[in-house]
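A short worksheet on the structure shown next.
Just so it is clear, the values below take in all heavy atoms, side chains as well, and ignore hydrogens, waters and symmetry mates.
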Amino acid sequence: MTSAKDKTQLVIRGLTVFSSVGTSVDCWNDALLWSQAPTRELQQIGVPVFPLHSRAQEILREVCMTPRYRCLDRTAQMALASSRQSIRSIEDVSDIGVISVGSSRGPTISIEGFYSQMLESETKLSPLASPVTTSGSISSWVGQDLLARSYPEQLSHNLATFSTSMTCTSAFHSLLISKAFVESGMANAALFGGSEAPLTSFTFAQIQALRIAGQESGRWPCRPCAEGSQQSSGLVLGEAVGTGVLLRVGREDLRETDLVILGVGWGQEKIDSPTGISKEGVAFESAMRNALKGAGEDAQVDTVILHAPGTALGDTAEMAAVRRVFGDIAVRTTKHLTGHTYGASGMVSLQLAQHLLHKGNWPGVQYPTVAEMLLENPDKPSQVLINTAGFGGNAISILIGSAC
């Protein structure tokens with residue numbers, strides 16, 4: 001007997017990502033051909049970082065023009081800007097029953113600002129200091145914006161909001177929560193994503209203390225999976241936000257831009273250090289194998305988008321796991337063009353996957369890399385597997401295909 005679920009597919013619709021690359025999937029075609037990464041120097045420190053693209057900055061300023069949103073942290077404002085575009089992709093906004101937006105650092109700029117204010121003066125803190133600096137404020141304000149714009153006459157709506165913080169897997173943890181709501185029938189659709197604004201001196205000091213901070217200038221300050229004299233550039237900070245709507249639709253209702261989720265896998269490994277990654281990449285392997293298991297006979301992966309932060313240990317461990325699972329397979333990365341965007345990195349990779357599935361264009365990178373990064377797909381990839389990993393030994397992999 002065929003169930004109603006068997007006749008539908010779980011899809012991501014309305015994927016919207018703002019990063020240093022731009023504000024749409026079309027920007028990747030040009031970005032991959034750039035001769036220089038779009039960086040600037042972090043103020044007062046002089047290290048390279050990847051800020052939001054100028055067009056994204058313009059969209060963000062539009063959000064900040066609303067008086068009630070000016071006081072919010074940049075992570076929440078970015079989530080508002082992105083979610084407004086994602087929500088336009090569905091006909092009935094009332095289908096959204098849950099909002100879950102992840103962030104590794106949370107409201108970084110506000111937390112650091114209020115803390116500095118407390119140390120430097122004897123004046124009392126603003127009443128906003130507590131509500132604005134909670135990590136939950138990111139999702140809850142996206143929810144407030146949806147209520148204000150879609151239900152102006154109503155005092156409430158049947159809506160649950162969650163914020164997840166699992167370092168670099170935060171966005172995909174939000175996807176897991178959303179998947180559980182949609183597949184259980186607790187919500188017809190869910191808005192999920194990740195937002196990160198980590199371009200601060202304190203955040204840089206944190207990664208510097210871990211001895212993984214990238215401080216080189218030049219054309220490619222972040223070089224994931226580099227080899228030879230270019231190896232081990234280190235982690236370079238980038239800011240980004242991404243959101244999408246997760247829902248089940250019939251095959252006849254699929255849209256060309258939909259991303260079909262074929263499998264989701266996760267893993268947790270025993271760790272010897274707080275950064276939580278083994279030389280073998282055990283959590284990566286578990287996550288990838290579980291995603292393939294979820295896809296079953298439909299799994300035909302021909303491209304992997306690596307988490308690859310640009311650190312020697314992280315990149316090597318992930319590549320070891322990929323080779324054990326797939327052998328020789330084409331691998332791709334985003335971080336040479338976007339930096340490490342922490343909790344939003346999964347969303348940036350989703351946008352690159354969307355580009356690869358629809359356009360197939362991968363001209364390679366302009367520094368020496370592992371051989372797999374130079375492998376070309378015969379045409380466009382049919383399925384793309386995306387890896388993310390976070391502190392604490394956790395990893396999540398998502399297997400996706402195109403709707404067409």
CD1 (I207) and CD (Q215) are apart, to the nearest 0.5 Å, by 8.5 Å
Any donor-acceptor pair under 3.5 Å linking the side chain of E196 with the backbone of G343? yes
Does a donor on one side chain sit under 3.5 Å from an acceptor on the other, for S382 and Q300? no
Backbone of D298 reached by a side-chain donor or acceptor of Q383 within 3.5 Å: yes
Please examine the side chains of N394 and W266, heavy atoms only from C-beta on, and report whether any two atoms are closer than 4.5 Å. no
Under 3.5 Å, is there a donor-acceptor pair between the side chain of T133 and the main chain of S130? yes
If we only count heavy atoms from C-beta on, is the M319 to R324 side-chain gap below 4.5 Å? no
In the structure I gave you, are the side-chain heavy atoms of S402 and H358 within less than 4.5 Å of one another anywhere? yes
State whether the number of non-hydrogen atoms from other residues, nucleotides or ligands found under 6.0 Å of E256 atom CD is greater than 12. no
Give the minimum heavy-atom separation between D315 and C225, together with the two atoms involved. OD2-N, 2.8 Å
Flag side-chain contact, heavy atom, 4.5 Å: R332 against V304: no
Hey, is the main chain of A283 close enough, under 3.5 Å, to the side chain of S286 for a donor-acceptor pair? no
Pairing donors with acceptors under 3.5 angstrom, does anything connect the side chains of R105 and Q206? yes
Treating R223 as the side-chain partner and W220 as the backbone partner, does any N or O pair qualify as donor plus acceptor under 3.5 Å? yes
How long is the span from the OG atom in S195 to the CZ atom in R74, to the nearest 0.5 Å? 9.0 Å
Would K380 and L357 satisfy side-chain contact (heavy atoms from CB on, under 4.5 Å), going step by step from the backbone distance to the final call? CA-CA 6 Å; K380 294 182 291 187; L357 288 166; over 6 Å; no
Taking atom types as modelled and ignoring hydrogens, do the side chains of T203 and T200 form a donor-acceptor contact shorter than 3.5 angstrom? yes
May I ask you to test the W28-D26 pair for a side-chain heavy-atom distance under 4.5 Å? no
Would the number of heavy atoms belonging to other residues, nucleotides or ligands and lying under 6.0 Å from CZ of F202 be above 12? no
Contact between F162 and S178 at the side-chain level, heavy atoms closer than 4.5 Å - yes or no? no
Return the orientation label for the H336 and W362 ring planes: parallel under 30°, perpendicular over 60°, tilted otherwise. perpendicular
Checking K335 side chain against H307 main chain: does a donor-acceptor pair fall under 3.5 Å? yes
Would you name the heavy atoms of E41 and V49 that are closest together and state the gap between them? C-CG2, 4.4 Å
Atom CD1 of I305 and atom CD1 of I386: how far apart are they, to the nearest 0.5 Å? 4.5 Å
Strictly by salt bridge (charged side-chain N to carboxylate O under 4.0 Å, His left out), give each pair with a member in residues 82-97 just once, sequence neighbours left out. R84-D145
If only atom types and distance count, is the side chain of T66 paired as donor or acceptor with the main-chain N or O of Y69 below 3.5 Å? no
Any C168 side-chain heavy atom under 4.5 Å of T388 side chain: no
T8 side chain to R248 main-chain N or O, any donor-acceptor pair under 3.5 Å? no
Measuring from L60:CG to H53:NE2, what's the distance to the nearest 0.5 Å? 14.0 Å
In the structure I gave you, are the side-chain heavy atoms of F192 and T243 within less than 4.5 Å of one another anywhere? no
Point-to-point distance, once rounded to the nearest 0.5 Å, from CG of L246 to CG of L10: 4.5 Å
Between S82 and M78 (side chain of the first, backbone of the second, donor and acceptor by atom type, cut-off under 3.5 Å), is there such a pair? no
Candidate pair I329 and L375, rule side-chain contact (heavy atoms from CB on, under 4.5 Å), full reasoning: CA-CA 7 Å; I329 190 170; L375 288 175; 5.8 Å; no
Please identify which of these residues, N290, I400, L176, meets the side-chain contact (heavy atoms from CB on, under 4.5 Å) condition with V264. L176
Flag if over 12 foreign heavy atoms under 6.0 Å of CZ, R68: yes
Under the side-chain hydrogen bond (donor to acceptor under 3.5 Å, both in side chains) criterion, do T16 and S86 qualify, and how do the steps go? CA-CA 6 Å; T16 302; S86 292; 3.3 Å; yes
Do any N or O atoms from the side chain of D302 and from the backbone of P381 form a donor-acceptor pair under 3.5 angstrom? no
Closest non-hydrogen atoms of I271 and I277, given as atom of the first, atom of the second and distance, are CG2-N, 4.5 Å
Closest contact, heavy atoms only, L125 versus F114: CD2-O, 3.6 Å
When you look at S174 and T164, which way does the side-chain hydrogen bond (donor to acceptor under 3.5 Å, both in side chains) test go after all the steps? CA-CA 6 Å; S174 290; T164 57; 2.8 Å; yes
Check step by step if side-chain contact (heavy atoms from CB on, under 4.5 Å) holds for L175 and I12. CA-CA 10 Å; L175 187 150; I12 298 169; 4.2 Å; yes
Apply side-chain contact (heavy atoms from CB on, under 4.5 Å) to I87 and I96, showing your working. CA-CA 9 Å; I87 289 170; I96 296 178; 4.0 Å; yes
Looking only at heavy atoms, what is the nearest atom pair of S397 and A291, with distance? O-CB, 3.8 Å
Might you point out which heavy atoms bring T338 and S20 nearest each other, and give the distance in Å? CA-OG, 3.2 Å
Starting at NE2 of H173, measure out to NZ of K179 and round the result to the nearest 0.5 Å. 13.5 Å
